[in-house]
Amino acid sequence: MANLNFNNIQKQYLIVTLSDKKKTTIMVCNPSKKLLTEITSIDSLIRSIDNDSTGENEIDALYEVCAKVMSRNKGNIKIEKELLEDIFDIEDIMIFFKTYMDFVSSQAKN
């Protein structure tokens with residue numbers, strides 16, 4: 001008889017060290033389908049920022065989704081959007097998303 005226990009599956013993680021005072025290190029998991037949908041919707045939000053607007057709502061959404069992604073980690077450490085707003089600039093957020101999506105893509109190939 002076969003047995004599949006999802007609690008015992010070895011998973012891969014993206015290890016991220018934040019630039020906060022504690023240099024918090026988290027092991028970020030692959031996204032759920034719901035979270036992946038939110039991530040892909042961020043791309044269209046970013047593209048919707050035009051020269052006539054500050055893009056404040058879009059940038060706020062970017063930080064919010066980033067906090068959700070980072071909060072999906074092995075240690076169940078909650079990463080608040082406000083923390084990311086304090087320690088990350090827009091370039092940092094973009095670097096994280098690019099690295100994370102590269103990680104997710106490599107996992108999908110495996």
Side-chain angles (χ1 to χ4, degrees):
M1 178 184 236
N3 183 16
L4 175 61
N5 183 340
F6 282 98
N7 296 302
N8 297 330
I9 294 176
Q10 294 292 320
K11 296 194 175 207
Q12 298 294 314
Y13 300 93
L14 174 64
I15 299 172
V16 176
T17 302
L18 302 177
S19 56
D20 60 346
K21 290 178 184 176
K22 296 189 254 180
K23 293 190 169 122
T24 304
T25 298
I26 54 177
M27 297 172 66
V28 182
C29 307
N30 280 296
S32 62
K33 181 188 180 302
K34 181 179 178 181
L35 187 54
L36 187 58
T37 301
E38 286 187 59
I39 294 167
T40 55
S41 71
I42 287 300
D43 184 51
S44 60
L45 274 176
I46 293 168
R47 293 172 195 257
S48 73
I49 300 173
D50 59 27
N51 294 334
D52 296 332
S53 73
T54 61
E56 189 173 327
N57 290 337
E58 292 83 357
I59 292 169
D60 193 52
L62 190 64
Y63 277 87
E64 186 173 323
V65 172
C66 188
K68 286 181 183 180
V69 169
M70 288 186 176
S71 291
R72 187 173 164 82
N73 63 72
K74 186 175 182 179
N76 292 318
I77 297 169
K78 176 78 171 154
I79 304 298
E80 300 290 339
K81 179 183 85 153
E82 293 76 17
L83 170 67
L84 297 181
E85 290 173 340
D86 285 341
I87 65 172
F88 282 173
D89 60 26
I90 296 298
E91 183 179 12
D92 295 332
I93 294 287
M94 302 309 280
I95 290 168
F96 170 77
F97 274 118
K98 181 186 180 329
T99 304
Y100 184 69
M101 292 313 294
D102 289 347
F103 166 74
V104 171
S105 294
S106 72
Q107 293 303 300
K109 289 177 187 175
N110 291 335

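The residues of the chain are indexed from 1 along the displayed sequence.
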If you look at every heavy atom in [X] and [Y], which pair is closest and at what distance?
| X | Y | answer |
| --- | --- | --- |
| F103 | V28 | CE2-O, 4.1 Å |
| Y63 | L84 | CE2-O, 3.4 Å |
| I42 | A61 | CD1-O, 3.7 Å |
| C29 | Y100 | O-OH, 2.8 Å |

Quick check: do [X] and [Y] have side-chain heavy atoms less than 4.5 Å from each other?
| X | Y | answer |
| --- | --- | --- |
| P31 | V69 | no |
| I77 | S71 | no |
| L14 | I26 | no |
| L35 | T37 | no |

Quiz prompt | side chain to side chain contact (heavy atoms under 4.5 Å, CB included) evaluation trace for L18 with V16 | solution = CA-CA 6 Å; L18 302 177; V16 176; 4.0 Å; yes

Atom pair [atom1]/[atom2] of [X] and [Y] - distance to nearest 0.5 Å:
| X | Y | atom1 | atom2 | result |
| --- | --- | --- | --- | --- |
| F88 | L83 | CZ | CG | 8.0 Å |
| E38 | C66 | CD | SG | 12.0 Å |
| N30 | Y13 | CG | OH | 9.5 Å |

Self-check item: Residues which pass side-chain hydrogen bond (donor to acceptor under 3.5 Å, both in side chains) with N5, listed by chain and number, not counting sequence neighbours
Solution: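 For N5 the side-chain hydrogen bond (donor to acceptor under 3.5 Å, both in side chains) partners, ignoring immediate neighbours, are N7.
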
Quiz item: With sequence neighbours left out, what residues match T17 under side-chain hydrogen bond (donor to acceptor under 3.5 Å, both in side chains)?
Solution: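 Checked T17 against side-chain hydrogen bond (donor to acceptor under 3.5 Å, both in side chains); matches are T25.
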
Does anything in [range] pair up under salt bridge (charged side-chain N to carboxylate O under 4.0 Å, His left out), and if so which pairs, sequence neighbours excluded?
| range | result |
| --- | --- |
| residues 5-18 | none |
| residues 12-36 | none |
| residues 69-85 | D60-K81, K81-E85 |

Exercise. Using the rule that two of Ile, Leu, Val, Met, Phe, Trp, Tyr join whenever any of their side-chain heavy atoms come within less than 4.5 Å, decide whether M27 and V104 are in one cluster.
Key: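 Unlinked, M27 and V104 end up in two clusters.
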
Exercise. Spell out, yes or no, whether I39 and I90 are grouped together once hydrophobic residues are joined by side-chain heavy atoms under 4.5 Å, including indirect joins.
Key: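 As far as the 4.5 Å side-chain criterion goes, I90 and I39 are connected within one cluster.
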
Below 3.5 Å, can you tabulate the donor-acceptor pairs from side chains in residues 91-98 to any protein atom, sequence neighbours excluded?
{"residue": "D92", "atom": "OD2", "partner": "D89", "partner atom": "N", "Å": "3.1"}
{"residue": "K98", "atom": "NZ", "partner": "D102", "partner atom": "OD2", "Å": "2.9"}

